[in-house]
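What follows is one structure encoded as structure tokens, with my remarks underneath.
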Amino acid sequence: MSDNTEEKRPLDFIRQIVADDLKTGKHKQSVTRFPPEPNGFLHIGHAKSICLNFGIAEEFGGRCNLRFDDTNPSKEEEKYVEAIKRDVEWLGFKWAGDVHYASDYFQQLYELALELIKKGKAYVCELDAEHMREYRGTLTSPGKNSPWRNRSVEENLELFTRMKEGEFAEGSHVLRAKIDMASPNLNLRDPVIYRILNAIHHRTGSEWHIYPMYDYTHCLSDMLEGITHSLCTLEFQDHRPLYDWVLETLETPCHPQQIEFARLNLSYFITSKRKLLRLVEEKHVSGWDDPRMLTVSGIRRRGYTPASLRNFCATIGIGRSDSLISLSILEDELRNDLNVNAPRRICILDPVKLIIDNFPEGRVDMVDGKNYPQNPETDTRPLPFTKELYIEREDFMEEPPKKYFRLGPGREVRLKYGYLVQYASHEKDSNGNITTIHCTCDLESRGGFAVDGHKVKGTIHWVSASEGKTVTVNLYERLFSVSDPGTNSEVDFIDQLNPHSIKVVNNAVAEPELLNLQPGTTVQFERMGYFCVDSRDSAPGKPVFNRTVTLRDSGKI
RNA sequence: UGGGGCGUCGCCAAGCGGUAAGGCACCGGGUUUUGAUCCCGGCAUUCGUAGGUUCGAUCCCUGCCGCCCCAGCCA
């Protein structure tokens with residue numbers, strides 16, 4: 001796999017901190033973690049976090065754990081665990097040792113909660129959700145103490161134990177950290193750290209009746225794993241004092257440093273699990289792995305490569321300011337990779353027949369098509385050239401402007417790898433649609449070279465009408481028609497979907513070779529773009545191609 | 001009208017007191033059997049703004065303006 005780590009780009013602020021901590025000896029080795037909640041599929045925003053956390057481990061010789069943050073059994077499922085593991089591996093990363101789960105620590109977390117109670121730093125509260133909100137105060141006014149705040153340690157211990165034993169109903173009791181109900185930081189107003197939940201957990205089943213909350217779990221899980229740098233997104237900044245409070249209060253043997261960075265926003269897309277879920281549930285897309293989705297699985301099915309994702313993440317960098325990254329950066333990294341790694345093939349997406357009047361009937365010339373423009377002349381495949389061909393409808397114009405380099409009355413053009421042909425005539429149906437174009441060809445120009453050496457500017461691609469194979473091609477465009485869908489709360493993001501995000505072409509004509517591709521393979525259709533064999537809808541001998549991305553087409557008329 | 005963040009080219013992003021890297025996009029030109037690739041060249045007298053400190057400030061200080069996040073028994 002190629003990525004551009006070899007270029008000495010400046011370190012982002014997080015890597016600088018890691019480098020400094022290693023240099024000063026604060027840490028012998030960096031230990032990071034990627035902590036997804038298994039409640040949905042990973043999207044490109046997660047890829048940024050994955051590249052950061054695993055990337056640091058690779059670059060600094062450290063370790064990176066994969067840890068599932070599974071503290072809410074009502075939302076989490078095993079199938080997401082499997083999908084997430086597959087996505088991380090597909091990106092090319094390897095987690096240190098076994099996969100970790102926050103649920104591995106439930107017993108330790110419980111014992112530490114007992115410690116907290118004994119220190120007088122946590123109490124069982126019986127306020128219901130509504131009262132709890134009321135007591136919390138507002139952004140501008142302080143909260144007030146819960147009437148249960150000053151229970152004795154013994155009583156708290158007994159109540160918490162009974163919570164654990166399943167003696168109480170959901171919602172009736174919670175364990176709260178005793179911090180400061182007047183704190184300007186709402187997260188410090190005696191946050192709930194344990195609640196009663198009787199759901200079945202995907203790993204621990206019905207063993208537990210109480211489940212720890214994120215703020216309590218995350219810092220301790222980090223601590224237990226010896227994480228040195230706990231990287232998360234900006235919205236957790238306000239939680240950092242609580243992260244630190246738990247570790248300090250419990251006097252833990254180590255204290256990971258939480259560092260926040262800005263989450264990824266990509267133009268013309270949404271990176272919100274909740275909104276992606278709605279697209280799936282309301283069937284605006286075919287599923288989590290719809291090639292138009294910017295989920296890791298959708299991206300993969302679309303034909304993107306792991307290297308292009310990693311290079312993209314390296315290119316955009318890590319910062320703390322809100323940003324909206326242009327989709328063109330992603331596409332640029334994709335093209336950089338595919339340009340050198342995707343073999344060239346030929347497929348006509350919108351066929352119109354071209355007949356070479358002076359070419360012998362029944363003759364099949366096998367001409368050589370180059371697989372990669374940068375490779376030696378010998379890396380070729382045979383292409384059957386016959387009297388009747390298909391060319392792209394857009395490659396012929398009845399009244400072409402001067403700068404149009406393709407076929408038209410009076411024009412000469414090169415059929416790539418084949419022959420030079422000169423326009424003879426064309427036919428139209430009653431609706432005025434062009435049905436057939438007639439040309440004559442210079443039989444001496446095989447390979448596309450003029451015998452007398454004259455220049456031919458235009459080169460177009462073609463497929464033999466008799467030897468070509470009909471295939472289905474999905475022409476994808478961006479899923480949304482505005483650059484910042486979902487940003488304006490006045491508008492439902494569903495109304496911002498691009499009605500032309502998919503166009504299915506059922507009569508594309510492909511060179512025979514194209515039927516032999518393995519699902520998941522990405523090739524370039526010369527002059528048209530990069531296309532990937534769909535891994536779900538293709539059948540042997542009946543491939544379905546997804547347009548991964550178009551070619552750049554600067555100045556094309 | 002509480003607290004926490006952020007503000008360098010259209011979009012990202014370096015810069016760490018010594019006089020504005022790089023990428024994307026865009027605009028020119030060259031090569032080309034993909035109007036692709038590749039190659040050259042252009043693209044911030046200026047760093048949200050107003051003051052202050054300094055020989056010198058994008059970097060330090062102060063005020064102002066703008067944007068984002070926080071009142072789940074979600075993560």
Side-chain angles (χ1 to χ4, degrees), chain A residues 4 7 9-12 16 35-37 39 69-72 74-76 125 127-129 132-134 136-143 170-176 183-189 191-197 210-211 213-215 217-218 232-241 260 262 267 273-274 314-333 335-336 339-340 344 346 370 373-374 403-406 413-418 420 447-449 456-461 483 524-529 550-557:
Chain A
N4 44 14
E7 287 160 37
R9 69 180 69 241
L11 296 184
D12 58 66
Q16 280 183 35
E37 181 187 13
N39 68 342
D69 221 332
D70 55 350
T71 57
N72 186 352
S74 59
K75 290 186 175 179
E76 297 148 6
C125 180
L127 250 25
D128 61 31
M132 178 106 49
R133 195 180 315 124
E134 217 175 285
R136 187 155 33 229
T138 69
L139 292 178
T140 51
S141 61
E170 282 188 16
S172 64
H173 298 66
V174 295
L175 184 69
R176 291 227 255 170
S183 171
N185 182 342
L186 293 273
N187 296 118
L188 263 22
R189 319 248 262 227
V192 172
I193 57 178
Y194 264 95
R195 78 289 211 186
I196 297 169
L197 245 31
I210 53 172
Y211 290 90
M213 298 285 289
Y214 167 84
D215 285 307
T217 308
H218 206 89
C232 62
T233 44
L234 250 25
E235 64 268 31
F236 291 101
Q237 271 179 115
D238 291 346
H239 295 244
R240 193 168 68 222
E260 311 85 15
S267 67
K273 261 192 196 174
R274 216 196 85 251
T315 297
I316 60 176
I318 297 293
R320 287 177 65 84
S321 48
D322 294 323
S323 62
L324 183 61
I325 307 285
S326 160
L327 188 62
S328 63
I329 295 179
L330 213 209
E331 293 184 338
D332 179 63
E333 293 297 350
R335 291 189 183 107
N336 286 343
N339 179 48
V340 311
R344 310 295 119 123
I346 296 178
K370 288 198 71 177
Q374 75 274 23
K403 302 265 278 183
Y404 181 85
F405 307 136
R406 293 164 270 168
V413 78
R414 173 184 296 106
L415 296 176
K416 190 159 185 169
Y417 309 128
L420 298 177
F449 303 97
V456 175
K457 169 82 175 165
T459 300
I460 65 174
H461 58 109
S483 64
Q524 184 193 107
F525 287 172
E526 293 218 43
R527 302 207 305 132
M528 304 311 285
T550 61
L551 254 31
R552 276 196 201 82
D553 59 348
S554 45
K556 193 170 178 179
I557 295 173

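Note that the structure is a prediction, hence the values are computed from the model and not measured. Quick note on labels: first sequence line is chain A, next is B, and so on, each numbered from 1.
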Which part of the nucleic acid, if any, lies within reach of [X] when heavy atoms closer than 4.0 Å are counted: base, sugar-phosphate only, or nothing?
X	value
A/Ser326	sugar-phosphate
A/Tyr194	nothing
A/Phe236	base
A/Asp128	base
A/Gln16	base
A/Ile316	sugar-phosphate
A/Ile460	nothing
A/Arg335	nothing
A/Met132	base
A/His239	base
A/Ile318	sugar-phosphate
A/Glu526	base
A/Val192	sugar-phosphate
A/Ile325	sugar-phosphate

On the nucleotide [N], are OP1 or OP2 found under 4.0 Å from the side-chain N or O atoms that [X] carries?
X	N	result
A/Ser141	B/A71	no
A/Arg414	B/U34	no
A/Arg320	B/G7	no
A/Arg552	B/A25	yes
A/Thr315	B/C24	no
A/Arg240	B/G4	no

A/Lys75: which residues meet the side chain to side chain contact (heavy atoms under 4.5 Å, CB included) condition with it, sequence neighbours left out?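 Here the qualifying residues are A/Glu37, A/Asn39, A/Asn72.
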Angle class for the A/Tyr214/A/Phe236 ring planes (parallel below 30°, perpendicular above 60°, tilted otherwise)?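 Because their plane-to-plane angle lies in the 30° to 60° range, the rings of A/Tyr214 and A/Phe236 count as tilted.
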Taking the side chain as everything from C-beta on, heavy atoms only, tell me whether A/Leu551 gets closer than 4.5 Å to A/Gln524.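 In short, these two side chains touch, coming nearer than 4.5 Å.
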A side-chain contact here means heavy atoms from C-beta on lying under 4.5 Å apart; do A/Pro191 and A/Asp215 qualify? no
Could you work out the separation of [N] and [M] based on their [atom1] atoms and round it to a whole Å?
N	M	atom1	result
B/C59	B/C73	P	42 Å
B/A71	B/G51	C1'	37 Å
B/C11	B/U31	C1'	30 Å
B/C12	B/U53	P	35 Å
B/U1	B/G66	P	10 Å
B/G42	B/G52	P	37 Å
B/A44	B/G23	P	14 Å
B/C24	B/U37	P	11 Å

Just compare [options] and give me whichever is closest to any side-chain atom of [X].
X	options	result
A/Leu139	B/G2, B/C74, B/G5	B/G2
A/Asp332	B/C24, B/A75, B/A36	B/C24
A/Pro10	B/C12, B/G5, B/A21	B/A21
A/Lys457	B/G72, B/A13, B/U32	B/U32
A/Arg133	B/G72, B/G4, B/U37	B/G72
A/Tyr214	B/A75, B/G72, B/G4	B/A75

Identity of whatever pairs with [N] - Watson-Crick or G-U, under 3.5 angstrom:
N	value
B/U46	none
B/A21	none
B/G41	B/C27
B/G66	B/C6

Rounded to the Å, how far apart are A/Ile346 CD1 and B/A36 P? 18 Å
Could you check how far CD1 of A/Ile329 sits from P of B/A13, rounded to whole Å? 9 Å
Answer syn or anti for B/G72, where the cut-off is 90° from 0 on the glycosidic torsion.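 Base orientation: syn.
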Which residue lies toward the 5' end of RNA chain B, A/Tyr417 or A/Ile196, if each is placed at its nearest nucleotide? A/Tyr417
Distance (rounded to the nearest 0.5 Å) between A/Thr459 OG1 and A/Arg527 CZ: 8.0 Å
Considering non-hydrogen atoms only, spot the tightest contact between A/Glu260 and A/Leu234 and give its length.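 For A/Glu260 and A/Leu234, the tightest heavy-atom pair comes out as CB-CD1, 3.8 Å.
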